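Structure first, then comments.
Letters A, B, ... are given to chains in the order of the sequence lines, protein chains preceding strands, and every chain is numbered from 1. These values consider heavy atoms only, across backbone and side chains, with no hydrogens, waters or symmetry-generated copies. Bear in mind that the values here come from a model prediction, so they are computed numbers and not experimental data.
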Amino acid sequence: MTETVTTVTTEEDEGETRRDFLLIATSAVGAVGAALAAWPFIDTMNPAADTLALASTEVDLSAIEEGQAITVVWRGKPVFIRKRTVAEIESAEKTNVADLPDPEEDAKRVQKPEWLIMVGICTHLGCIPLGQKAGDPRGEFGGWFCPCHGSHYDTSGRIRKGPAPNNLAVPPYKFVDDESIKIG
Amino acid sequence: MTKPNWAARAVKGTVDWIDYRLPVFTFVNHHLVEYPTPRNLNYWWNFGSLAGIVLVIMIATGIFLAMNYTPHVDFAFASVERIMRDVNYGWLMRYVHMNGGSMFFLLVYIHLFRGLYYGSYKAPREILWIIGVFLIFAMMGTAFVGYVLPWGQMSFWAATVITSMFSAIPLVGESIVNWLWGGFAVGNPTLNRFFSLHYLLPFVIFGLVFIHLWALHTHKSSNPLGVEVKDEQDTIPFHPYYTIKDTFGFGVMMVFYMAVVFFAPDMFGETINYVKANPMQTPPHIVPEWYFLPFYAILRAISFDVWFIPAKLIGVVLMGGAVGILIFMPWLDRSPVRSARFRPIYKQFFWIFLLDCLILGYVGAKPPEGALIAIGQAATFYYFFHFIVIVPLVSVLEKPRSLPASISAAVTKAPAKGAS
Amino acid sequence: MRKFILATFAISLLGAFSLLGMGSALASGDTPKPPSHKWSFSGPFGSFERPALKRGFQVYSEVCSSCHGLSLVAYRNLADIGFSKAEIAEISAEAEVEDGPDDEGEMYFRPARASDRFVSPFENDNAARSANGGSLPPDLSLIVKARNGGSDYIFALLTGYREEAPEGFEMNEDMYYNEYFPGHQIAMLPPLDDEAVEYEDGTKPTLTQHAEDVTVFLAWAASPELEARKRLGIKVLVFLLVLTGMLFALKRQIWAKLH
């Protein structure tokens with residue numbers, strides 16, 4: 001503190017206020033600049049244009065028969081596509097929704113009842129449930145069974161028993177025509 | 001606008017609690033706030049802090065670039081182009097980093113020449129100066145390996161030419177080169193390890209900067225008069241005077257830097273580096289980045305063997321020696337007077353030396369033909385002549401002007417000039 | 001202060017001189033420097049004219065793409081030029097991309113999608129050379145940045161072919177005389193003439209028009225970020241000038257205490 005002490009005069013007061021204003025204004029502008037400068041660094045970590053371009057996947061459904069399922073990759077994740085049998089659709093529609101741990105109507109989970117499309121990642125801790133291949137255990141509800149901690153999913157992919165809190169997620173998709181869909 | 005009493009006490013309480021356990025606040029107060037600094041520093045004293053800021057910018061942009069760069073010969077060039085085209089603000093990261101290298105050298109060269117003019121290297125700041133020379137070596141290493149990473153034609157061929165230089169070392173030269181390359185030519189192992197080194201060296205620079213500042217704070221800054229601080233009248237607290245002056249200097253630097261980044265981002269570069277590396281085709285002219293040109297000229301100047309020592313080896317030694325000789329300035333310069341302001345003869349030779357460096361830079365940019373060969377050799381000779389002959393002789397023979405009694409005496413004598 | 005300004009000026013002059021000398025020779029030997037051409041994208045406020053980009057793309061796809069790749073540009077980037085998603089799907093579908101392996105382990109070809117990069121006319125450099133008498137037609141994605149003189153050079157090259165080499169100039173076999181190509185002998189035959197491409201937007205086709213349009217397109221291909229960069233640059237510079245001005249005022253104010 002090498003500043004010398006002087007008696008405070010009104011002139012000095014005015015000077016102080018002016019200096020304060022300039023200081024505050026400059027600091028404010030500087031702070032805004034720092035925030036604006038930080039944004040590109042943060043945004044650089046967001047998905048790049050080429051990653052976003054791969055955000056959709058088109059799938060041809062024509063080769064899938066009733067009772068068959070395929071797994072495709074969408075955004076790096078497995079997606080289960082199953083052409084459900086009449087029995088499977090009926091059992092899904094007839095379930096009492098109120099009894100479900102994650103109540104959801106089957107009609108809300110499909111656009112066409114025979115096509116069940118969902119992200120094949122267990123909503124518990126992220127394992128991939130079994131049930132896509134013939135011979136896989138399907139669990140007690142005829143759908144999918146997660147071997148990691150024993151979650152059972154029904155023919156609509158809804159959680160029925162086990163630690164998973166939510167039904168298997170349905171990704172955004174639309175029918176490009178009767179035989180193919182675009183996911184994402 | 002006064003803070004309410006309880007808030008002020010809470011802040012002070014927290015500060016004291018932390019400071020008692022880890023004296024960060026005392027440290028900052030001692031080194032950045034109260035720190036007595038000569039009152040007469042001019043703007044040539046801004047360049048150290050500017051270089052430090054650019055170092056931080058380089059590390060920050062470098063880290064984010066490294067998130068998207070692939071150090072493999074088949075993917076490096078394309079990964080850089082992906083950064084330019086697909087990564088959000090990737091082009092900005094790349095251009096800031098690329099031009100930051102040039103900014104860093106520009107600022108450090110000015111900082112260095114400030115030291116040469118004002119005698120900043122003289123006792124008791126010799127170690128401060130020598131750490132500075134080490135910093136330049138570290139910067140040159142960083143820049144060299146960094147330039148290879150985009151894997152353009154110049155990246156590859158500059159790497160080949162400069163690493164091949166080490167074969168000039170007698171007996172072990174070839175083995176050293178193959179050891180550097182990780183193979184029999186510059187290739188994937190080379191690129192991969194250069195990436196690792198490029199990530200490492202800036203942190204070595206960071207450490208050296210810390211030691212550099214430690215040495216600086218031991219005897220504090222010199223000043224344009226070269227007259228040591230005698231008492232409190234000669235100094236002012238670093239804050240607010242030099243904090244605001246350094247911040248203003250930062251603003252000016254950013255205007256220039258950002259003008260280049262946004263409107264002439266390829267100005268300092270070589271167009272041929274936008275062509276992917278081709279080990280089977282040498283570009284017509286191999287040139288390093290501008291900040292290496294004087295040293296490149298010195299390297300090429302020695303085109304003749306001396307006795308049994310091959311020309312190539314002499315060139316390499318002189319190139320390294322051109323930086324290394326700076327270490328000896330405190331002992332080559334025997335003048336009792338620090339600042340060139342009071343050394344009318346030395347001052348002239350300082351400017352001639354600067355001109356010589358610019359000539360060397362020009363020669364380095366051109367192919368070595370015609371008159372340029374002789375000019376390059378003369379300029380190289382003069383470069384070392386300046387340090388080995390001129391500096392010692394002038395320092396001993398010159399009659400310096402009389403120094404002011406003290407900093408405050410000089411300042412109060414000419415109030416209009418003062419520290420601006 | 002005055003000394004500082006003088007010194008900075010002197011050093012910048014010296015520096016500018018050195019920089020001028022340091023750039024690789026724009027004219028090596030007797031190859032003339034390409035004349036400066038006015039481009040809409042030069043200068044701090046530059047931008048690409050969309051119609052010129054579209055015409056330039058047409059020239060590239062109808063003339064240049066038979067030999068020159070554009071492999072760093074993706075079909076989806078054509079949205080910047082003004083093509084719709086449907087148009088891009090059509091354009092990309094004309095090219096085939098290798099994909100696979102399929103369930104039998106075989107590689108197969110499929111039409112290119114918007115997310116794919118432009119398909120090159122040749123599998124690799126050796127195939128390109130063998131189809132072009134040993135010469136390698138360079139990929140054009142970065143050609144404007146990869147040549148001294150940039151767009152001026154590309155335009156000058158395309159319009160720089162001469163029917164006959166000047167008196168006394170010895171031409172090698174199968175080479176063409178070009179004013180601006182280093183060494184004056186280029187292996188590429190003149191790719192453009194006054195009727196090379198019939199423009200979809202009805203612009204009168206001439207050699208100069210074709211050359212100009214394709215150069216604009218290639219400048220965009222090399223620097224697709226140009227417009228965003230200059231726009232942001234203006235904002236950043238204005239901001240910095242204001243902030244630096246305020247910092248200067250604050251500095252004077254704080255230092256006034258000392259005098």
Residue pair C:V73 / B:R85: nearest heavy atoms and the distance that separates them: CG2-NH1, 3.8 Å
Proximity breakdown for C:S71 and chain B, heavy-atom pairs closer than 4.5 Å: neither
Contacting moiety of B:F250, where chain C heavy atoms sit under 4.5 Å: neither
Rounded distance [0.5 Å steps], CG in C:L247 versus CD1 in B:I244: 5.0 Å
Chain B contact via C:P44 - side chain, backbone, both or neither, heavy atoms under 4.5 Å: both
Salt-bridge contact B:D266-C:R147 (side-chain N to carboxylate O under 4.0 Å): no
Chain B contact via C:A221 - side chain, backbone, both or neither, heavy atoms under 4.5 Å: backbone
Proximal component of C:L232, with respect to chain B [non-hydrogen, under 4.5 Å]: both
Whether C:W255 and B:Y241 hold their rings parallel, tilted or perpendicular, with breakpoints at 30° and 60°: perpendicular
Enclosure of B:Q348 CD (heavy-atom neighbours >12, cutoff 6.0 Å): yes
Options B:I359, B:V255, B:V261, ranked by heavy-atom pairs under 4.5 Å with chain C, top entry: B:V255
Contact origin within B:F113 toward chain C - heavy atom pairs under 4.5 Å: neither
Nearest-0.5 Å distance that lies between atom CG in C:L72 and atom CZ in B:R82: 13.0 Å
Within-4.5 Å side-chain heavy-atom neighbours: B:Y95 and C:E225: yes
Heavy-atom contact with chain B under 4.5 Å, split by part of C:A222: backbone
Distance (rounded to the nearest 0.5 Å) between B:E270 CD and C:N148 CG: 7.5 Å
Distance-minimising heavy-atom pair for C:R229 and B:F262: NH1-O, 2.9 Å
Lys/Arg-Asp/Glu bridge criterion (N-O < 4.0 Å) met for C:R76, B:D86: yes
Within 6.0 Å of CD in C:E123, more than 12 heavy atoms from elsewhere: no
Selection from C:D139, C:I143, C:I234 maximising heavy-atom pairs under 4.5 Å formed with chain B: C:I234
Which atom of B:A259 lies closest to which atom of C:L237, heavy atoms considered: CA-CD2, 3.8 Å
Closest-packed option against chain C by number of heavy-atom pairs under 4.5 Å, given B:V275, B:I272, B:T247: B:T247
